[in-house]
Each structure stands twice: as structure tokens, then as C-alpha cells.
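Chain A is the first sequence line, chain B the second, and so forth, proteins listed ahead of strands; every chain is numbered from 1.
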Amino acid sequence: MELSKNYIPGEVEIKWYKHWVDSGYFHSTPNDKKAYTVVIPPPNVTGVLHMGHCLNNTIQDILVRRARMQGFNPCWVPGTDHASIATEAKVVAMLRERGIPKSSLTRDEFLGYAWEWKEKYGGIILQQLRKMGCSLDWERTSFTMDADYYESVIKVFVDLYKKGKIYRGKRMINWDVRAKTALSDEELIHKEVAGKIYHLRYKLDIPGDEYITIATVRPETILGDSAICVHPKDDRYKHLVGKFAFVPLINRRIPIIADDYVEIEFGTGALKVTPAHDINDFMLGQKYNLEVIDTMNDDGTLSEAAGLYIGQDRIEVRKIITKDLDAAGNLVKIEDYTHQVGFSERTDAIVEPRLSLQWWVDMKKLAAPALEAVMSDEISFHPAKFKNLYRHWMEGIKDWCISRQLWWGHRIPAWYDEEGNIYVAHNEAEVNANHPETKGKKLTQDADCLDTWFSSWLWPFEVFKGLSNPNNAEVNYYYPTSTLVTAPEIIFFWVARMIIAGEEYMGKIPFKDVYFTGIVRDKQGRKMSKSLGNSPDLLGLIDQYGADAVRFGIMIASPAGNDLLFDESTLEQGRNFNNKLWNATKLLKMWEARQNKEGEIPEDAKFAMDWFQTKLTSTQNEVDEMLKTFRLSEALKTIYGLIWDDFCSWYLEWIKPGFEQPMHQGVYEKTVEYYDALLQLLHPFMPFITEEIHHTLKTQTEDLCIKLYTPTSKVDDAVLNAGALLQNVISTLRDARNKNQIKPKDAIELHIQTSNNAPYQTIQKILAKQINASDIQYTSSAIAASIVVALEKDKFYIVSDQAIDTASLKENLLKDLAHQKGFLISVSKKLDNEKFVQNAKPDVLAIEQKKKADTLARIQTIEESLAQLG
RNA sequence: GGGGGCAUAGCUCAGUUGGUUUAGAGCAUCUGCCUUACAAGCAGAGGGUCCGCGGUUCGAACCCGUGUGCCCCCA
């Protein structure tokens with residue numbers, strides 16, 4: 001078989017992915033093996049794959065493929081999130097393009113369009129995951145608005161309501177006065193607006209004619225003031241804290257309070273607090289129990305509560321009240337001021353912060369067992385630093401606002417009668433059944449939907465129908481899941497809440513390990529974003545470099561727990577690595593055709609095989625340990641080095657036969673075995689090329705994808721050391737050749753002066769090949785007219801036709817000597833220190849003594865060499 | 001405003017309870033090679049006040065304090 005010059009990933013990837021899926025390798029059903037379950041963090045249903053998904057899913061695939069090869073029964077569940085806000089926004093935008101305003105549609109008509117949209121675009125991201133090689137169990141694809149899933153979300157709402165954990169309360173939202181609807185933060189457009197800042201003085205309720213001056217950009221809201229706030233350390237106002245002032249024009253008496261929220265430098269340092277019309281003021285209001293005076297109607301006109309200007313628009317009122325304040329003597333000055341104002345994306349109206357009734361989950365008690373699960377390490381976070389963050393948040397957990405003024409999502413199962421009574425049940429019939437008094441009355445269901453996270457917190461068990469079909473065989477087998485891989489920014493939105501829901505509804509934690517990935521940034525460290533245009537086209541990259549190279553590039557640059565600075569050059573490195581693997585394959589295929597079945601395996605090949613086998617085993621152990629502790633990037637680097645350096649650069653060169661010479665069959669077969677073991681180690685990271693080469697090497701009885709990985713035997717350090725010595729001698733002598741400008745093609749003669757020939761005799765043939773020596777001999781005295789090199793306690797003399805540069809030889813030896821002497825001083829200092837000798841552990845002491853002895857011997861060798869140079 | 005994190009070679013990072021040759025790797029750089037698997041390659045080399053200052057210790061990249069500079073999350 002003729003192999004192409006370079007590795008070409010495209011067709012290979014399509015071929016193997018289809019084969020794996022057709023063979024059913026990714027599909028799991030409960031059996032007597034141990035389960036390894038991973039649920040995908042469901043991407044937005046209408047989303048497309050970006051670098052964050054790529055990182056996150058590559059990591060999951062590595063863990064899952066590895067588990068598959070270790071004999072677990074792995075189940076990786078794919079699916080998507082209905083993502084109420086993002087999806088609804090996309091559908092609204094699509095309708096607007098078609099000239100259909102959302103307000104012209106009924107709820108059912110709108111949902112019709114939304115489902116249509118979902119069917120059309122919902123599968124894209126799942127297709128893209130296939131391109132990446134993700135070994136997902138496609139037969140289990142789930143969606144947070146599947147019929148059963150929907151029912152379960154409603155069930156949880158009703159259950160928590162009955163337990164008294166869900167209640168209704170007031171909250172500040174963004175209000176569009178023109179569309180008369182609430183807006184999410186995502187639907188706001190912030191614009192810089194040139195406005196004015198008004199300095200207004202409020203008369204103090206103390207004897208005399210004294211005032212306090214505040215600064216505001218919204219003078220019309222003073223009618224809703226319920227306090228004035230200053231900084232506790234502000235000397236200008238300290239004496240006024242606890243006193244009262246009067247709101248101008250209406251003369252309402254309000255307290256003066258102190259809080260370090262106030263910025264001393266800003267405005268006058270005194271802040272008017274209007275809890276009904278500003279989010280920060282609202283929080284201050286809650287903190288200090290201030291009166292909330294809502295002075296605005298839903299169309300933006302002033303309400304009865306304002307007391308003045310009732311029924312006039314707030315923007316008009318601003319002009320009028322400014323004049324009236326001036327006339328009343330309360331206006332100190334007006335300054336120009338540029339600030340950010342939120343506009344409605346849809347109507348371009350200035351958005352008003354406004355209080356409205358929302359649904360909440362009381363989190364305090366629910367959170368307690370979930371906090372405990374992480375603090376006790378029942379659930380492990382990787383990296384562990386996120387434990388602190390989690391604890392801090394969980395200890396100060398606030399109630400969760402779960403209602404959204406949207407149509408796309410799980411509709412809140414609450415009904416209101418005309419008197420405003422609330423009935424929560426799974427459906428209207430159940431309301432009637434439980435509350436006979438409602439029969440015949442007109443009931444209206446709450447128009448709002450639930451927060452998306454109120455459905456995704458059920459994900460780890462509801463994908464196995466743990467709630468819709470409790471205690472079924474699958475959920476009992478797959479739950480709790482094994483590892484969750486996700487981004488740290490959703491530790492509170494999602495991770496914490498899944499733990500809460502798992503404890504509450506399954507009575508068990510949802511996963512044992514949580515691996516937090518970094519954030520994908522560009523080369524300059526900026527977050528990837530659409531507006532910056534720094535987000536690369538992932539599918540384009542896969543086309544250009546191959547999926548394996550993309551997976552390699554992204555993993556090699558992802559240190560555990562740190563952000564990933566994406567740089568296309570690592571993809572190039574991945575592609576080059578593919579090519580390296582491909583070329584090694586070509587070399588083996590060449591040797592396959594030229595085998596020698598006669599005689600014994602040569603001694604030097606035996607040495608090389610022995611060494612590589614040991615190196616392989618020891619590295620496998622290292623990699624196992626790294627993967628156990630989620631150091632995936634390090635594991636990949638280690639495998640990369642093992643293949644490129646140890647296998648290709650050292651081992652293959654050591655066993656390489658002479659020009660057009662055959663290779664002993666025993667060596668060849670063992671080498672294929674080693675290579676296959678390397679491919680297996682690499683497979684979870686780069687599944688396509690490893691499977692391809694696995695089958696190119698020889699006819700296989702099974703696919704690499706499911707081949708069992710069986711570690712490992714003990715490692716003989718003596719064998720490793722023998723190999724390291726050989727490498728060290730080769731590198732040192734090559735360096736000497738280089739420095740003395742001996743051309744690679746020119747052969748040398750090598751004379752070794754050592755007290756122990758044996759170690760060199762075993763490696764002599766390999767050494768000769770690797771440094772291009774025509775002859776190697778042993779000597780007990782210096783060789784004239786040679787290049788001398790000192791290594792450990794031994795000396796090497798290189799004889800060649802090249803003129804010898806004694807000066808530079810000397811220089812190198814002197815440099816080395818200086819270094820050794822410096823080192824000797826530092827070691828001696830330690831050993832001469834009585835306190836060190838007394839306090840250090842015995843093995844540390846022994847090491848230091850050995851260091852000293854070695855260094856002394858080395859210094860002697862160098863000095864002798866120098867003496868010989870004259 | 002509250003909380004968390006980071007600082008080691010040009011870049012990205014290792015460095016496990018303080019002692020493993022006066023700090024390691026990959027990439028990048030430099031030098032020499034078109035050596036019959038691979039120039040998407042081979043061989044070799046150079047490169048660091050371990051952010052500053054102070055402390056604990058026989059001994060600090062590592063522990064403590066402090067300063068500085070970056071980053072993230074929540075409001």
C-alpha cells in the first residue's frame with residue numbers, strides 16, 4: 001500500500017465517525033459494568049459551535065473515550081437548552097424581518113413560529129459536535145422542552161410552591177413604557193446621552209434655615225424620594241446623619257442616612273434615594289427599610305402617588321419641575337453631564353426601572369446540603385480554588401427570581417381569579433378540583449415563563465427521566481453522573497442549582513467531580529466575542545487543519561484552571577504532529593516489507609526495546625496519574641513528548657537498520673506493538689488519526705476506539721538510567737561535533753577513557769550510529785590531537801580530520817569548571833553548617849553528600865582534561 | 001462597593017508536605033544540516049534579580065506580612 005506524502009484528515013474523519021456510530025460504540029444501555037456518565041452542558045438550541053464549546057466538549061470527549069477504553073460503560077448524553085431569552089429574541093428578530101410584530105400575534109401563534117425555528121436550526125450545533133469527533137450517545141438526545149421534561153419542570157414548581165419555597169414578591173425590572181412590557185437586560189441598548197445634572201437643595205428639619213444639596217440627573221423623580229444618603233466618613237455631612245430633610249415642593253419629611261455605597265467625590269456627596277425608580281436606590285431601600293413610592297404609571301406618566309403633575313409624561317415633567325424648583329428656590333445649579341441611558345431595543349423608548357411582581361425561590365434552606373456536599377469533598381471541584389468562591393456565594397445566597405416576561409419557555413403554572421387570588425397546580429382542571437369555589441369562574445394563567453435555569457437545574461437526572469418516571473432502571477444506573485465539565489462563570493447559575501435540585505429530588509448529589517474549564521480568549525487576552533470579531537470560524541479551522549489538530553491545539557494550550565489564549569499556531573503544531581505520526585507509520589510500513597526472520601535479535605536492538613518498553617510503562621503511569629487529577633493538558637504534553645522524542649527521535653533511530661538492510665522480525669513486531677500502545681494512549685485526545693493508523697499498521701481484530709487499555713507493570717529504574725546515559729553521551733558528543741564544526745557526514749573515531757567499560761559496551765553500536773563514529777575504542781590514557789570532552793567521571797576523545805580549536809575547547813572546559821566550583825561552594829556551605837547537619841532529614845543529607853562527591857569527581861575530570869590540553 | 005484569582009525564559013505554563021545538582025517543558029529565537037519516514041523535518045545552542053520590599057527558617061520560587069500590576073465574578 002502506498003501512503004500519501006502527508007496526512008490528509010478530511011475523508012478519514014468522516015469514515016471513522018460513521019463507522020463508530022454504525023457500530024453502536026457510543027450508545028449505552030445499563031449492563032453489569034460500571035457506568036461512567038457525563039451529561040453535556042446543553043448548548044442553546046439555536047446556537048452555533050464556538051471555541052468555548054470546542055474546548056468544553058473536547059475535554060468531555062477525552063474523559064468519555066478514556067473511560068470507554070478502561071472498561072467502563074460510558075454514557076455521554078447530548079442535548080440542547082431552549083434558552084428562553086436568546087431564542088425568543090432570535091424569533092422576534094426573524095418575525096420583524098418578515099414584517100410581523102410580536103404584539104400582533106397571540107401566544108400560540110408566536111409559539112408556532114418559535115417551534116418552527118427550533119426545528120429548523122436546533123440540530124445545527126449537534127451536527128457540529130459530530131465533526132469534532134464527540135462520542136455522544138445520540139439516541140439519548142434531550143431537550144429542555146421535551147414533553148416529559150416540560151412536565152417535570154412544572155411538577156417541581158408546584159412541589160416547591162406547596163413546600164412554601166416559592167413565593168411572589170416585588171422586584172425591579174426594565175420597563176418599556178411604549179410597549180408596556182418588561183425587558184430583559186439583553187434587550188436594552190445603552191447609549192451615551194448628553195444630559196444635565198441638577199443640584200437641588202432640600203431644607204433640613206433643624207432649627208434655622210439650613211439646606212442639604214444633592215445632585216441628580218432625574219429631578220422629576222424627587223417626588224418618590226424616601227431618604228437622603230451620605231457616606232459615613234464624609235465630614236461635611238457626618239453631623240446630619242439621623243436628622244431629617246423635606247422633599248421640595250411637596251414637603252415630605254425624609255431621613256438622612258449613611259452608607260458607604262455613596263461616592264464622596266461624586267456630585268455633592270449627598271444622594272437622594274428613590275427606591276421605586278432606581279435599582280441601586282431600591283437596594284438601599286431594602287437595606288434600610290425605606291418607603292417605596294411608585295410615582296409612575298405603566299405608560300410613563302406620573303401617578304397619583306407623585307402628588308403633582310399627575311398624568312403628565314415624565315420627560316415633560318422634568319422641564320416643568322425644573323422651573324418650579326427654581327421658582328421655589330431649591331435649584332442651585334445645572335451642569336452638563338454625559339451618561340449612559342438604556343433604550344428599548346424594540347421601541348427605542350427610554351427604559352424605566354420599575355417595580356413589578358415576580359416569582360421567587362427561597363434558597364436559604366435548599367442551599368444548605370448543597371454547600372455541605374462541596375465543602376466535605378463529596379463533590380470535588382477541579383481546580384479546587386473554586387471551592388472558596390462557591391462557599392462564599394452559597395453562604396450569602398439570595399432568593400432566586402424565576403419569572404421571565406417571555407413566551408418561549410415553561411409557562412408558570414399559576415392561575416388568578418378576578419379577585420386576584422392565586423392558585424398553583426399542574427393545570428386548570430387541577431385548580432378546579434382542588435378549589436371547588438373556582439368552578440365557573442374565569443381563571444387566567446400567569447403570562448410569564450420560568451427562567452431557563454429553572455429547567456436546566458434538573459438536567460443530570462431528567463435526561464434519564466428521573467422525575468417524570470421516578471426510580472426507573474436507567475436513572476438508577478446512570479445517576480449520579482461522574483463528571484461535569486463546564487465554565488466557571490456558570491458555577492452559580494447552573495452548577496450550584498443542579499446540586500440543590502439533585503439533593504432535593506433524587507436525594508443524591510448529581511455528580512462526583514466538576515471540572516471547570518478556562519475561558520477562551522484571543523492572543524491578546526480578550527474574551528472572544530461577536531462584536532470584536534475575534535472569534536474564529538471553528539468549522540473552517542477543522543477543514544483547514546483537521547479535527548484532531550484542532551483538538552490537539554486547543555488542549556495543549558489549556559493549562560488546568562487557567563484561561564486559554566487561542567492562537568492558531570497551536571493548531572499548526574497539531575497538524576505537524578499528525579504528520580509526524582503519519583511519517584512514523586510510513587517508516588514502519590517500509591520496514592514491514594523488509595523483514596529478516598533468521599537468527600537472534602541483535603543485542604543493541606534488545607537494549608533499545610528494553611529501554612523503550614520501560615519508558616512506555618513509566619510514562620503510562622504518569623499519564624494515568626495526570627488524568628486522574630484532571631491535568632489533561634499536561635497529560636497530552638507528556639504523550640506528545642513520548643511519541644515525538646522518545647519513540648521517533650530516539651527509539652526508532654536506535655533500531656533503524658543500516659542502508660537497505662532488513663530488520664529482524666522480532667524487533668519489527670515489537671515496535672508495531674509499541675506504536676499501537678502509543679496510539680491508544682493518544683486516542684482520547686486525537687481519535688481519528690489514531691484509529692486510522694491503528695488499522696494501517698496491520699489487520700486488526702477490533703477498533704482502537706473500544707480496545708481495552710490495561711496498565712501497567714513495575715518500572716526498572718536501572719533500565720531507564722541506562723537509556724538516559726546513552727542519550728546524554730550522544731547529545732554531549734553531538735554538541736562537541738557541532739562546536740568543532742565537524743560536518744554531519746564526516747565520520748569520527750571515538751576513544752573512551754573510563755574505569756568501567758561495561759555500560760558503554762552495551763550501547764556501543766547505537767552510540768556509533770548516532771554520532772557517526774567509524775570506530776569506538778577504550779583507552780587508559782589521553783589521546784593526542786583529539787577533541788576532549790568530559791562527562792560525569794569519564795573522558796571522551798574525538799579524532800577527526802577537522803583541525804582542532806584548542807582555545808575554544810579550553811574555554812568550554814573552563815566555563816564548566818567555574819560552574820562546578822560555584823556549585824561545590826553552595827553544597828559545601830550547607831554541609832559545613834552544623835545546624836543543617838543536625839536538622840535535615842537523613843535522606844536529604846545523603847543527597848547533599850552525594851552531590852558533593854559527584855561534583856568533586858567532576859572537577860577532577862575537567863582539571864585533568866585541561867592539563868592534557870596544556 | 002463586595003468577593004475571588006493571578007504574577008517563574010520573548011509567549012503559554014510545570015514546579016506535589018520548604019532541601020532531587022545555584023529553576024524545568026512546549027512554542028518562538030539562533031547555529032549547522034535538502035542524512036534514503038518526516039524541511040509540516042533532523043541535530044545542537046542561547047535565554048530567567050522566580051513582580052518589589054520585609055519577615056520566619058540551618059535552608060524560601062514555595063510559608064507569613066506588605067506594596068505594586070493585571071484578570072474575573074456579583075452588585
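The P atoms of C58(B) and C73(B) are separated by 45 Å, rounded to the nearest whole Å. The same atom, P, is picked in G19(B) and in A23(B); the two are 14 Å apart, to the nearest Å. Here the separation of G32(B) from U12(B), taken at their P atoms, is 30 Å to the nearest Å. Here the separation of G5(B) from G46(B), taken at their C1' atoms, is 34 Å to the nearest Å. Comparing the C1' positions of U20(B) and G59(B) gives an interatomic distance of 15 Å, to the nearest angstrom. To the nearest whole angstrom, the two P atoms, one in U29(B) and one in G69(B), are 34 Å apart. G65(B) sits 23 Å from C70(B) when the P atoms are compared, rounded to a whole Å. For the C1' atoms, the distance linking C30(B) with G18(B) amounts to 37 Å, nearest Å.
In this model, the phosphate group of G5(B) is approached by a side-chain N or O of Asn388(A) to a distance below 4.0 Å at OP1 or OP2. For Asn576(A), a side-chain nitrogen or oxygen approaches OP1 or OP2 of G41(B) to under 4.0 Å. Residue Thr570(A) has no polar side-chain atom (N or O) positioned under 4.0 Å from OP1 or OP2 of C27(B). For the OP1/OP2 pair of G44(B) and a distance below 4.0 Å, the side-chain nitrogens and oxygens of Ser731(A) include at least one atom meeting the criterion. Taking 4.0 angstrom as the limit, Tyr640(A) places none of its side-chain polar atoms (N or O) nearer than this to OP1 or OP2 of A25(B). Within the 4.0 Å cut-off from OP1 or OP2 of C42(B), at least one side-chain nitrogen or oxygen of Lys580(A) is found. An OP1 or OP2 oxygen of U36(B) is reached within less than 4.0 angstrom by no side-chain nitrogen or oxygen of Trp591(A).
Among the protein residues, Lys841(A) comes within range of no part of the nucleic acid, since none of its heavy atoms lies under 4.0 Å from any strand. If you check every strand for non-hydrogen atoms under 4.0 Å, Asp567(A) touches nothing. Using a 4.0 Å heavy-atom distance criterion, Arg858(A) is classed as making no nucleic acid contact. Note on Asn772(A): nothing from the nucleic acid sits closer than 4.0 angstrom, heavy atoms only. Within the 4.0 angstrom heavy-atom criterion, base atoms lie near Asn839(A).
Between the side chain of Arg575(A) and the base of A40(B) there is at least one donor-acceptor pair of N/O atoms closer than 3.5 Å. Side-chain to base pairing of Glu653(A) with A37(B): one donor and one acceptor N or O lie within less than 3.5 Å of each other.
Side-chain atoms of Asn583(A) and Tyr7(A), non-hydrogen and from C-beta on, never get closer than 4.5 Å to each other.
One atom, CD of Glu572(A), and another, P of C38(B), lie 20 Å apart when rounded to the nearest Å.
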List the atom pairs, donor and acceptor, that lie under 3.5 Å between side-chain atoms in residues 825-834 of chain A and the rest of the protein, sequence neighbours left out.
residue: Ser826(A); atom: OG; partner: Phe823(A); partner atom: O; Å: 3.0
residue: Ser828(A); atom: OG; partner: Leu824(A); partner atom: O; Å: 2.7
residue: Asn833(A); atom: OD1; partner: Lys835(A); partner atom: N; Å: 2.9
residue: Asn833(A); atom: OD1; partner: Phe836(A); partner atom: N; Å: 3.4

Side-chain polar contacts of residues 391-399 of chain A - donor-acceptor pairs under 3.5 angstrom, sequence neighbours left out - could you list them?
residue: Asp399(A); atom: OD1; partner: Met363(A); partner atom: N; Å: 3.2
residue: Asp399(A); atom: OD2; partner: Tyr167(A); partner atom: OH; Å: 2.6

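A salt bridge is absent between Asp854(A) and Arg858(A): the closest approach of a Lys/Arg side-chain nitrogen to an acidic carboxylate oxygen does not fall below 4.0 angstrom. Using a 4.0 Å cut-off between charged side-chain N and carboxylate O, Lys637(A) and Glu634(A) make no salt bridge. With respect to the salt-bridge test (charged N to carboxylate O, under 4.0 angstrom), the residues Lys387(A) and Asp377(A) qualify.
Inspection of the Tyr545(A) and Asn578(A) side chains reveals no N or O donor paired with an N or O acceptor under 3.5 Å. For the 3.5 Å distance criterion, the side chains of Tyr651(A) and Thr671(A) qualify, holding a donor opposite an acceptor.
Comparing Lys821(A) and Arg594(A) against RNA chain B, the residue whose closest nucleotide sits nearer the 5' end is Lys821(A). Remark on RNA chain B: of its neighbouring residues Phe493(A) and Asn833(A), the 5'-side contact belongs to Asn833(A), judged by nearest-heavy-atom nucleotide.
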>> Pairs counted only when both distances fall under 3.5 Å, Watson-Crick or G-U: show me the 5' to 3' dot-bracket for RNA chain B, [ ] for pseudoknotted crossings and | for other-strand partners.
In response: (((((((..((((.....[....)))).(((((.......))))).....(((((..]....)))))))))))).
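For Phe577(A) and Tyr640(A), the ring centers sit closer than 6.0 Å to each other.
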